[in-house]
Q: 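Below is a structure I'd like to ask you about.
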Amino acid sequence: MADKVAAVALPDRNPLPMSLALIAALPFLGALLPGLMIRAGRDACALAAGSVTALALILLGLNAPAVLRGQVVQTRIDWLPALGLNANFMLDGLGLLFAGLILGIGLLIILYARFYLAKSDPMGPFYTYLMLFQGAMTGIVLSDNILLLLVFWELTSLSSFLLIGYWKHLPEGRRGARMALAVTGTGGLALIGGMLILGQIAGSHDLSVILTKGEVIRASPLYLPALILILLGCFTKSAQFPFQFWLPQAMAAPTPVSAYLHSATMVKAGIFLMARLWPVLAGTPEWFYLVATTGLVTMVIGAKVALFKDDLKALLAYSTVSQLGLVTLLLGLGTAQAAAVAMFHILNHATFKAALFMCAGIVDHEAGTRDIRRLGGLRRLMPLTFALTALAALSMAGIPPLNGFLSKEMMLEEVFNAPWMGNDWIVPVLAVTGALFSVAYSFRLIAHVFLGPVRTDYPQAPHDPGPGLWGAPAVLVALVIAIGLAPMTMAGWIVRASASATIGGVPYIKIVHWHGLAAPALWMSIFAIGGGLVLLGLHPHLARLWARVPRPEGAAIFAALVGGARALAQRITDALHGGSLRVALAVATVTIVAAGFFAFATGTHAPGTRALTPILPLAVVGWLLLVSATSALVLMHRQRLLALVLVGVIGLIVSVSFVFLSAPDLALTQILVEVATVVLLLLALNFLPKRPAREGSALRKAGHAVIAAGAGLGAGGLIHALMTRDFAFPTIADYHIANAKTQGGGTNIVNVILVDFRGYDTFGEIVVLGIAALVIFALTEAILRPGPANDRLLSWVPDQSRAGDRHPMMFVIATRLLLPVALMVGVYLFLRGHNQPGGGFIAALVVAVAFLMQFMASGLGWTQARQKIDYHAMIACGVLVAVATGIGAWANGVPFLTSDYGYFTLPVVGTFELATAALFDLGVFLTVLGAVLMALSSLSRIAIRAGGTVNAAPFDIDPQAGPPSASGGR
Amino acid sequence: MELLVASGVGVLTAGGVWLILQGRSFSVILGLALLSYAVNLFIFASGRLAIGLPPILTKSTTGYTDPLTQALVLTAIVISFGMTAVIVVMALGAFLETGSDRVDIDDDSRDGL
C-alpha cells in the first residue's frame with residue numbers, strides 16, 4: 001500500500017506534506033469513534049465526531065494560506081501505479097471552497113444532530129455514517145487522481161444510502177434511500193465510463209495532468225461520449241432534470257442529513273465535478289447546450305414545483321433542485337465570469353439553504369409537523385426561529401443586502417447576454433421566471449409558516465428550542481448577513497481562489513450591491529420580486545389549478561420502470577426454475593457443460609504433447625478405491641452413517657494422492673481437515689434423519705444421472721487436456737522457487753507463498769474463516785432462541801440406541817495422554833513450517849484435533865470448564881496479530897505484509913532464524929484454531945440443548961467405587 | 001498418472017453433482033464435500049503432476065513441482081471446511097425449524113425435472 005510517500009516539489013515546498021491525505025482520512029478514522037464513544041454517552045459521541053472534524057478543518061486551514069497565494073498543494077502516494085491508480089491529493093482554490101463547506105457545515109451538523117435526534121434514535125450509527133459520508137465527500141474534492149475520485153464518488157452514494165435510510169422503520173425512508181442509490185449509482189457507472197475515456201484521451205489519470213490537456217480532449221472524437229457520460233454522473237448526483245425526482249424522495253431522511261447532504265454537500269458533488277473539469281470540457285457548443293439548457297430547465301421546473309409543495313422539506317428540496325440548476329446554468333455558459341458567479345452562489349446557497357433546512361427541522365421538531373397547511377402564526381410562538389428562517393429565506397429570494405441577492409443579481413447580469421440557438425431573449429426570460437418563482441416560494445415559506453394568526457390546532461405546543469438546535473443555523477445566518485454586507489471582505493478571497501482554480505486563469509472579482517440604474521439585472525430583479533409577490537397572492541387559486549392538472553411524476557415513472565424490470569426478472573426466474581434449488585442447480589450445470597461443449601466443438605485443438613508421468617501399480621489401487629468409494633457413496637447415500645465413512649475414505653485417498661504427487665503440506669492439511677469435517681458431520685447427523693425415505697421417480701433420477709455424468713466428463717476431460725499439454729505461458733512458479741529463500745527466508749516454498757508472497761490472500765482467507773465461524777455462532781444462537789427449532793430440541797427423543805458408556809475410560813485416558821503429545825507436535829509443525837512441511841494452518845488443525853479428542857472423550861461441558869479460552873477473542877487476536885504484523889512492515893518502510901527475517905545467535909542455542917512471517921503465521925494459527933473450535937463447540941451446544949447432560953467427571957464409571965468387601969467393610 | 005487423476009476428478013465431480021441434485025440437505029452437504037475434493041484436485045493438477053519433487057528447497061534435488069497451486073489449494077481446503085461448517089449449521093437450523101430436510105420448500109409442486 002503506502003510504500004512511497006513523496007511531496008511533489010513545488011515553488012516553495014508544502015510544509016505539511018501528508019496533511020491532505022490526512023484530511024481525507026480523518027473522517028474515516030473518526031467514523032470508528034462514535035461506535036466506541038457511544039458507551040460514554042451521546043455527548044461524548046458527538047464530541048468525538050466533532051473533534052475529528054474540527055481537526056480536519058484546522059489542517060485544511062493550515063494549508064489555506066498557500067492555496068490563497070495561488071499554489072496547488074499536493075500529496076502523492078503511489079498505490080497501484082501499474083493501474084494508474086494512485087492516492088494523489090491536491091488542494092487548490094476550488095477544493096478549498098468545497099472542503100471548507102463540507103467540514104465547516106459538517107461541524108455544525110454534528111452539533112445540530114446531537115440535539116435533533118430523539119432518545120430512541122441510535123446515535124452511534126448515525127455519526128458513523130455521517131463521518132463516512134464526510135470522508136467520502138472530502139475525498140472527492142481533494143482527489144488529484146480521477147480513479148481515486150471515482151472510489152470516493154461511489155462511497156458518497158453508499159454512505160448517503162445509509163443516511164437517507166437511517167430511520168429504518170419508515171417505509172418512505174427505505175424507498176427514498178433505494179431510489180437515491182439507484183439513480184446516483186447508475187449515474188456513477190456512467191461517470192466511471194466517462195472518466196476512463198477522459199483518462200484514455202489525456203494519457204493520464206491525474207487531474208493535474210488532465211487539466212492541462214483541454215485542447216487535446218476537446219479535439220478528440222471521443223470528446224462527446226466522454227462529456228455525455230460524465231454529465232450523466234454529474235446530473236444524477238446534483239439532481240438535475242430529468243433526474244431531479246430522487247432528491248425530494250430522499251427527504252424522508254432525518255433533517256440533519258437533508259441539511260448536510262441535500263443542501264451543502266452531496267448534491268454539490270456533481271457541480272464540483274463540472275467545475276473541476278470546466279477548463280477541459282467547457283467552452284464548446286456541446287457543453288453549452290447540454291449543461292446550460294439542463295440547468296435552465298431544472299431551475300425553472302424546480303422553482304415552479306417548489307411553490308406548490310406543502311411539505312416544508314419538499315419545498316426546500318425542490319428549491320435546492322432549482323438553485324442547483326442555476327449554478328449548472330452558470331457553469332454551462334462557459335464564460336470565466338459566469339463560472340466565478342457560480343462559485344459565489346455555491347457558497348451563498350450552502351449558507352442559506354443549510355440554515356433553512358435546520359430551521360425546517362426545528363419547526364418539525366417543536367410544532368410536530370412540517371406540513372405548511374397545518375402551520376402558520378409561528379412568528380410569536382417561535383420568534384428566534386422566525387428571525388433565522390426569515391433572514392435565510394429573504395436571502396434565498398434575493399432581497400438586498402443579503403448574500404443571495406448579490407449572487408442572483410450577478411447571475412441575471414451574466415444570462416442577459418447569452419443567446420440560445422441564436423435567440424437572445426429566451427435565456428434571460430426563463431432565468432427571470434425561475435427567479436420570480438423562487439421569490440414566491442421563499443416568501444410563501446415565511447408567510448404561510450410564520451405569519452398570519454396563531455392557530456390552536458398545532459400537533460404540539462410550538463416554542464423556540466434550546467441553543468443546541470438554533471446555534472448551528474444562527475452561525476450560518478450570521479454568515480448570510482456578513483457576506484451580504486461585506487462581500488469582498490468575507491467572500492471575495494475564496495471566490496477569487498476557487499474561480500481562478502476553476503477557469504485556470506485570474507478572474508475579475510468585484511461584488512457590489514449597486515450596479516447603477518442602467519444595469520439590466522436591477523430591472524430583472526425588481527420584476528422578479530414584484531412578480532413573486534403577485535404569485536404568492538394568487539397562490540390559493542394557483543394551487544387548486546395545480547392539483548387538477550395532471551403531470552408526469554419522475555418518481556412514479558422511475559417506480560414503474562423498476563417495477564417492470566422486476567416483473568420481467570420474476571417471470572424469467574419462474575419460467576427457468578421457479579425458486580427450486582435443485583432445478584436451478586440442474587439448469588446452471590447443464591448450461592455450463594453445454595457452453596464448455598460448444599467451445600470444445602467449435603474451437604480447434606491439437607493433441608497434447610507433454611510427456612506423461614508413469615502409472616504406478618499403487619496409484620491404480622488408490623484410484624480403484626476412490627472410484628468404488630464414490631460409487632458406493634452415490635448408491636448408498638441414504639444410509640447416512642455409512643455415507644460418512646465413505647466420505648472419510650475418499651478424503652483419505654485424496655490426502656494420500658497429495659503425498660504421492662509431491663504435495664506434503666496439502667496432504668497434512670487435507671487429512672486433518674478430514675478428521676474435523678467428519679466429526680462435525682457426525683455431530684450434525686445426530687439431529688438429521690438417518691435414513692430418509694427414497695423419493696423421486698426413476699425418470700428424474702436418470703435425468704440427474706445424465707447431468708452429473710456430463711459434468712464429470714467435462715471436468716475430467718478439461719483437466720486431462722490441461723495436464724497433457726505444456727504451459728501456454730511461462731508460469732510464475734519459477735519466480736517463487738527462485739526467491740523463496742532469498743526474499744522470504746524459508747525453504748518451504750508453499751509456506752513462504754502463504755505467509756509472504758501471497759500474504760494478502762492468506763490474510764483475506766483467515767478473515768473469511770473468522771467470519772464463517774462468527775456466522776456459525778450467530779446461527780447457533782438463532783437456533784437456541786425460543787422458537788420452533790428450540791422447542792424441537794427441547795423435546796428431542798434420541799432416535800438411535802445410545803451407548804451405555806458415553807465416555808469410555810480407555811478413550812479418556814488415551815486422549816488425555818495424547819493431548820500434550822499432540823500439542824507438542826502442533827508447536828513443532830508450527831515452528832518448522834517455514835522450512836519444512838507444516839505452518840500455521842496445519843499446526844492449528846493439529847491442535848484443534850487434539851482439543852476435539854477431549855470433547856469427544858469427556859464431553860463439551862466438561863472440557864470447556866477446564867479450558868479458559870474465548871473463541872471469539874482467539875479469532876480476533878489472530879486477525880489482529882496478522883494485521884499488526886502487516887502494519888509492522890510500514891515501520892521498515894516497505895509495503896503492508898512484507899516480511900523480514902534475520903539470523904541471531906544466542907549462547908547455548910546457537911544461530912537461529914527469526915522471521916516476521918512467523919508472527920503472521922501465528923495470526924493464521926490463532927484464527928484457524930479459533931474458527932474450527934467455534935464451529936464444533938457450536939454444534940455441541942445444540943446437542944446439550946437437546947438433553948445431552950454435562951458430566952461432572954471425565955468419565956462415567958467411578959474408579960473409586962468397588963464391591964463393599966474391597967473397601968475394607970466400612 | 002494423468003489419466004487416473006483426470007478420471008478421479010471426473011468421478012468426484014459427477015458424484016458430487018448427483019448428490020447435490022438429490023434435494024436433501026445431508027446429501028447436498030456430502031455432494032459439496034465431493035465437489036470440494038474435485039475442485040481442489042483440479043486446481044492442484046493444473047500445476048501439472050510431478051512425483052518425488054516436493055516444493056521444499058534442498059540441494060540434492062533435480063527440480064520442484066509448482067508450489068503456487070499448492071498454496072492456493074491449501075487455503076482452499078481450510079476455507080471449504082469453514083463453508084461446510086456453515087452449511088451444516090444452516091441445514092441443522094432449517095431441519096429443526098421446519099421438521100423437514102428437503103432443500104426446496106415445496107418439492108412436489110415444483111416437479112420440474
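Throughout, protein chains are lettered first and strands after them, A, B, ... in sequence-line order, and every chain is numbered starting at 1.
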Q: Could you check whether any side-chain heavy atom of B:Phe26 comes within less than 4.5 Å of a side-chain heavy atom of A:His637, counting everything from C-beta outward?
A: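 No - every pair of side-chain heavy atoms lies 4.5 Å or more apart.
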Q: Measure distances from B:Leu49 to the heavy atoms of chain A and classify the residue's part below 4.5 Å as side chain, backbone, both or neither.
A: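 Both parts, heavy atoms under 4.5 Å.
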Q: Kindly write out the residues that satisfy side chain to side chain contact (heavy atoms under 4.5 Å, CB included) with A:Leu576, not counting sequence neighbours, or none if the list is empty.
A: A:Val587
Q: Hey, what do you get for CG (B:Leu96) to CG (A:Asn790), rounding to the nearest 0.5 Å?
A: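 If I round to the nearest 0.5 Å, the distance is 9.5 Å.
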Q: At a heavy-atom separation under 4.5 Å, does A:Ile783 approach chain B through its side chain, its backbone, both, or neither?
A: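 For A:Ile783, the side chain is the part near chain B, not the backbone.
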Q: Please classify the contact of A:Phe757 with chain B as side chain, backbone, both or neither, using a heavy-atom distance under 4.5 Å.
A: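 Nothing of A:Phe757, per the 4.5 Å heavy-atom cut-off to chain B.
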Q: Between A:Phe658 and B:Phe44, does the ring centre distance come in under 6.0 Å?
A: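 Yes, close enough.
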Q: Relative to chain B, which segment of A:Val654 carries a heavy atom at a distance below 4.5 Å: side chain, backbone, both, or neither?
A: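 Answer is side chain: those atoms of A:Val654 sit under 4.5 Å from chain B.
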Q: A:Thr630 and side chain to side chain contact (heavy atoms under 4.5 Å, CB included): which partner among B:Val11, B:Leu19, B:Thr13?
A: B:Val11
Q: Among B:Ile29, B:Asp101, B:Ile77, which has the most heavy-atom pairs under 4.5 Å with chain A?
A: B:Ile77
Q: Picking from B:Ile51, B:Val73, B:Val9, which has the most non-hydrogen pairs under 4.5 angstrom with chain A?
A: B:Ile51
Q: Between A:Leu672 and chain B, with a heavy-atom cut-off of 4.5 Å, which part of the residue counts as in contact: side chain, backbone, both or neither?
A: neither
Q: Could you tell me which portion of B:Met90 (side chain, backbone, both or neither) has an atom closer than 4.5 angstrom to a non-hydrogen atom of chain A?
A: both
Q: Would you mind checking which part of B:Tyr37 comes under 4.5 Å of any heavy atom in chain A, side chain (CB onward), backbone (N, CA, C, O), both or neither?
A: side chain
Q: Need one label for B:Thr98: side chain, backbone, both or neither, based on atoms under 4.5 Å from any heavy atom in chain A.
A: backbone
